4 protein chains.
Amino acid sequence: MSPRTEQQYEEIREEKKKLIMDTALQLFANEGYHNTSIDQIARTAGISKGLIYNYFTSKEQLLQSLIFSGFDEFAQFFDPNRDGVIEKEELHYLLREMFKLLKEKMSVWKLYFGIMLQPQVMKMVEKEVYQYALPYLKLLVDYFKKEGKENPYLEARFLSAVGDGIGMHYITDPDNFPLEECVEKLIALYQ
Amino acid sequence: MSPRTEQQYEEIREEKKKLIMDTALQLFANEGYHNTSIDQIARTAGISKGLIYNYFTSKEQLLQSLIFSGFDEFAQFFDPNRDGVIEKEELHYLLREMFKLLKEKMSVWKLYFGIMLQPQVMKMVEKEVYQYALPYLKLLVDYFKKEGKENPYLEARFLSAVGDGIGMHYITDPDNFPLEECVEKLIALYQ
Amino acid sequence: MSPRTEQQYEEIREEKKKLIMDTALQLFANEGYHNTSIDQIARTAGISKGLIYNYFTSKEQLLQSLIFSGFDEFAQFFDPNRDGVIEKEELHYLLREMFKLLKEKMSVWKLYFGIMLQPQVMKMVEKEVYQYALPYLKLLVDYFKKEGKENPYLEARFLSAVGDGIGMHYITDPDNFPLEECVEKLIALYQ
Amino acid sequence: MSPRTEQQYEEIREEKKKLIMDTALQLFANEGYHNTSIDQIARTAGISKGLIYNYFTSKEQLLQSLIFSGFDEFAQFFDPNRDGVIEKEELHYLLREMFKLLKEKMSVWKLYFGIMLQPQVMKMVEKEVYQYALPYLKLLVDYFKKEGKENPYLEARFLSAVGDGIGMHYITDPDNFPLEECVEKLIALYQ
DNA sequence: AATGAATGAGGTTTCATTCAT
DNA sequence: TATGAATGAAACCTCATTCAT
């Protein structure tokens with residue numbers, strides 16, 4: 001009966017929010033956004049449907065939160081805004097680490113790829129995606145410029161595309177796709 | 001005795017089926033499968049909802065038909081079963097032609113990519129997808145074997161992944177993505 | 001190209017009508033009225049949906065026709081209006097013949113029983129059913145009156161009910177229900 | 001933490017479920033299963049369509065629930081598994097009580113008879129029906145065996161059929177059918 | 001903060017019936 | 001007479017969201 005402190009409440013809130021997001025991420029990634037009902041999320045998380053609406057205003061906003069949270073987590077690992085330039089070794093390191101992260105957090109990436117190709121979902125987050133992606137693209141452009149490439153923008157977009165292709169194939173067929181070897185092949189292109 | 005000849009009926013059927021499929025393809029590709037209702041397809045095509053069910057047993061089967069029809073169309077262009085082996089020049093030609101086709105038939109590919117990453121939709125067509133994809137993979141494996149590569153399977157999967165990555169990025173951002181240059185860069189890797 | 005005579009047309013009409021009714025009877029009896037579609041009847045009969053509407057104005061009217069036709073067929077066997085009175089031997093004979101007919105034309109009776117218990121279908125044919133049933137009831141009432149029974153109406157309704165009960169159980173479980181013995185037991189009650 | 005106690009929820013659920021089942025029973029019995037829409041049930045019960053699906057997974061399952069619930073209610077009155085044997089007086093008592101129940105709960109029986117004769121509905125519940133019916137049949141068989149009848153099984157099936165016949169005729173024409181007298185006539189056969 | 005009963009809009013699907021040919 | 005493509009009303013069902021408690 002003792003009233004909880006403001007901080008205790010805050011902790012509960014954070015915990016519950018995380019629980020909901022984790023559950024939703026797994027389900028969205030594995031079953032698909034449209035094939036996952038709020039009810040299913042609630043049941044899987046062991047909470048009530050209503051509670052989800054205490055933390056998220058809608059299913060759509062829950063999805064957005066997941067996407068942005070995924071981006072944030074990613075950004076924490078690879079902050080493209082540190083000093084602005086990277087060396088060749090750093091690029092290799094970044095690529096390897098990225099794909100390591102991909103492997104560890106496959107759900108996020110499943111969701112990410114699934115979402116990116118879903119037209120109407122894409123529209124929802126389009127603007128923010130570009131906001132997030134731009135600094136990384138710029139980082140690459142700068143790198144290739146520094147490397148003396150003729151068309152750094154082209155190089156950057158090519159690398160991004162290739163990276164996503166490898167990621168996508170791994171996500172689609174994680175059991176057979178030779179991820180590590182492909183990554184090394186990719187890195188080898190940028191010696 | 002029959003008021004229209006068998007052939008007349010056949011023509012009507014072919015025409016209507018095509019109309020429905022074309023309409024559905026555009027809508028599925030641009031709005032997403034789940035965000036396109038049968039009613040919307042019917043209205044767009046200028047027909048009744050019921051008629052769609054004269055031609056397809058369900059929305060799902062309509063989607064399947066679209067996917068397989070897309071595959072078939074693709075397969076008509078690039079039959080991997082011709083003689084079984086391709087030369088370097090043929091590979092280059094194939095890659096260029098494929099991406100030309102990608103550009104022309106963007107809707108199909110939007111659908112294809114969207115589908116591949118949608119877990120529950122993928123399940124629907126998984127088996128067939130592999131049936132279709134296998135000969136192409138084999139073609140590439142054989143090519144790289146002939147080229148004396150150490151790990152032809154790896155090479156084949158790498159190329160597929162890279163190709164899909166480029167395709168995906170083009171589809172996602174057709175206005176800005178430098179498709180032709182990327183394709184040439186890709187081809188340059190296989191000189 | 002030779003024009004058919006009026007009579008030939010009439011023959012065709014009769015033939016087709018019979019075909020439709022026979023098909024519908026089988027399907028209605030075995031699958032249920034509501035579970036049988038006009039399309040299914042047409043396909044089973046090897047004709048077109050439209051043709052059915054040349055002979056019957058609606059599915060409901062087709063059902064009515066079947067019911068009345070069943071009654072008529074039945075009435076041809078057992079005309080209750082002959083001389084108005086029957087002897088004990090005639091009653092026994094009638095009962096045995098009725099159940100023989102039941103066995104032979106199970107479909108009609110399946111339909112009949114199914115229909116009688118379907119409220120809204122019953123409403124459709126209620127009036128006619130009574131018209132048909134009344135003479136038979138009267139025949140029985142007269143018989144029991146002649147036999148000196150205290151309450152002939154009660155006797156008549158009892159016998160009808162018992163007869164229908166046996167019929168119903170036979171129809172529901174034709175493989176196990178001991179029809180002949182039950183009929184003999186029934187007849188034994190009216191020695 | 002929960003705003004209503006578990007018990008409160010349970011009460012609400014029981015009440016609503018009963019409301020839905022009562023409403024559906026009346027409508028199914030009087031209008032027929034196929035002629036009663038979920039919407040009609042909802043409107044009659046003064047609730048939303050959706051709510052019905054909180055309690056029953058489908059219209060079919062609602063029907064099943066009704067049938068089994070009817071059986072259960074019936075079984076509570078006449079448990080055939082008590083001691084296994086009944087005396088003549090008990091048989092008379094049972095028959096009288098059964099038909100009293102029939103009169104009181106005509107809806108259930110209307111449904112029951114309607115269902116038994118509807119081919120595809122029967123299939124749904126066939127197995128369970130036999131499970132329910134078997135003990136009663138056995139009770140009768142045992143009774144007639146004890147009474148020294150030559151063919152107890154025949155006697156049991158005959159009595160069941162006759163009973164159903166009387167029930168059916170009463171249900172079909174409750175205003176005119178002389179139920180009590182018929183029941184007494186029936187009982188008189190088993191002195 | 002938390003529950004889950006309740007809603008209702010909207011989706012897919014069925015099918016009796018029409019009608020141009 | 002005969003066809004079957006086409007319609008559209010109405011059915012079943014789902015599910016995001018609300019809200020009293």
Side-chain angles (χ1 to χ4, degrees), chain A residues 4 8-9 12-13 16 34-43 47-60 62, chain B residues 1-6 8-13 15-17 34-42 47-60 62, chain C residues 4 8-9 12-13 16 34-43 47-60 62, chain D residues 1-6 8-13 15-17 34-42 47-60 62:
Chain A
R4 305 183 200 183
Q8 276 175 318
Y9 274 125
I12 291 177
R13 280 193 69 81
K16 278 284 155 68
H34 287 284
N35 273 57
T36 303
S37 69
I38 290 286
D39 193 62
Q40 203 182 335
I41 298 171
R43 268 184 291 111
I47 58 171
S48 73
K49 263 184 297 187
L51 193 58
I52 293 178
Y53 286 88
N54 278 3
Y55 293 94
F56 303 93
T57 59
S58 69
K59 191 185 175 187
E60 199 169 306
L62 170 56
Chain B
M1 206 169 290
S2 174
R4 298 186 215 192
T5 65
E6 189 59 38
Q8 277 174 314
Y9 278 128
E10 190 55 35
E11 271 166 29
I12 291 175
R13 285 190 70 80
E15 208 173 277
K16 277 289 153 62
K17 198 167 182 180
H34 288 286
N35 274 61
T36 303
S37 71
I38 291 286
D39 192 61
Q40 202 181 334
I41 298 172
I47 57 171
S48 71
K49 263 186 295 189
L51 190 59
I52 294 177
Y53 288 89
N54 275 6
Y55 293 92
F56 303 92
T57 57
S58 68
K59 192 184 175 188
E60 197 170 306
L62 171 54
Chain C
R4 305 183 199 184
Q8 276 175 319
Y9 274 124
I12 291 177
R13 279 194 69 81
K16 277 284 156 67
H34 288 284
N35 272 57
T36 302
S37 69
I38 290 287
D39 193 61
Q40 203 182 335
I41 298 171
R43 268 182 292 111
I47 58 169
S48 73
K49 263 185 297 189
L51 194 58
I52 294 177
Y53 285 88
N54 278 3
Y55 294 93
F56 302 93
T57 58
S58 68
K59 192 185 175 188
E60 198 168 308
L62 170 55
Chain D
M1 205 171 289
S2 173
R4 299 186 214 191
T5 65
E6 189 58 37
Q8 276 174 315
Y9 278 128
E10 190 54 36
E11 272 165 27
I12 291 175
R13 285 190 69 81
E15 207 173 277
K16 276 289 153 64
K17 198 166 181 179
H34 287 286
N35 274 61
T36 303
S37 71
I38 290 287
D39 192 60
Q40 202 182 335
I41 298 172
I47 57 172
S48 71
K49 261 186 299 188
L51 192 59
I52 293 178
Y53 289 89
N54 275 7
Y55 292 92
F56 303 93
T57 56
S58 68
K59 192 186 175 187
E60 197 169 307
L62 171 54

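Numbers restart at 1 for each chain; the letters A, B, ... are given by sequence-line order, proteins then strands. Since the structure is predicted, the reported quantities are computational estimates derived from the model, not experimental observations.
Residues D:Lys59 and D:Ile41 are not in side-chain contact: their nearest non-hydrogen atoms beyond the backbone lie 4.5 Å or more apart. Counting heavy atoms from C-beta on, the side chains of D:Ile12 and D:Arg4 come closer than 4.5 Å. By the 4.5 Å heavy-atom criterion applied to side chains, B:Gln40 and B:Asn35 are not counted as neighbours.
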Q: Go along nucleotides 11-18 of chain F 5' to 3' and tag each nucleotide: B for a protein heavy atom under 4.0 Å from its base, S when only backbone or sugar atoms are that close, - otherwise.
A: SSBBBSBB
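We find that OH of D:Tyr9 is positioned 10 Å from C1' of F:dC19, with the value rounded to whole Å. Taking atom NZ on D:Lys17 and atom P on E:dG4, their separation rounds to 17 Å, with Å as the unit. Taking atom CD of D:Glu11 as the reference point, atom P of E:dA5 lies 13 Å away to the nearest angstrom. One can place CD of B:Glu6 at 10 Å from C1' of F:dG4, the figure rounded to the nearest angstrom. The interatomic distance linking C:Arg43 (CZ) with E:dT14 (P) rounds to 12 Å, in whole Å. We find that CD1 of B:Ile52 is positioned 13 Å from P of E:dT14, with the value rounded to whole Å. What separates CD of D:Gln40 from C1' of F:dA9 is a distance of 16 Å, to the nearest Å.
Taking OG of A:Ser37 as the reference point, atom NZ of A:Lys49 lies at 8.0 Å (rounded to 0.5 Å). A distance of 11.5 Å separates CG of D:Asn54 from NZ of D:Lys17, quoted to the nearest 0.5 Å. Note that CD1 of C:Ile52 and OG of C:Ser58 are 11.5 Å apart. Values are rounded to the nearest 0.5 Å.
Base pairing in DNA chain E yields stems of at least 3 consecutive Watson-Crick or G-U pairs, both distances under 3.5 Å, namely E:2-21 with F:2-21.
Side chain of B:Gln8 to backbone of B:Thr5: a donor-acceptor contact under 3.5 angstrom is found.
Of all heavy-atom pairs spanning A:Ser48 and A:Ala42, the tightest one is C-CB, 3.7 Å.
Each of C:Lys16 and B:Tyr55 was assigned the nucleotide of DNA chain F with the nearest heavy atom; the assignment lying further toward the 5' end belongs to C:Lys16.
By the 6.0 Å contact criterion, CD on B:Glu11 is enclosed, its count of non-hydrogen atoms from other residues, nucleotides or ligands being greater than 12.
Between B:Arg4 and the phosphate of F:dA5, there is no side-chain N or O to OP1/OP2 separation shorter than 4.0 Å.
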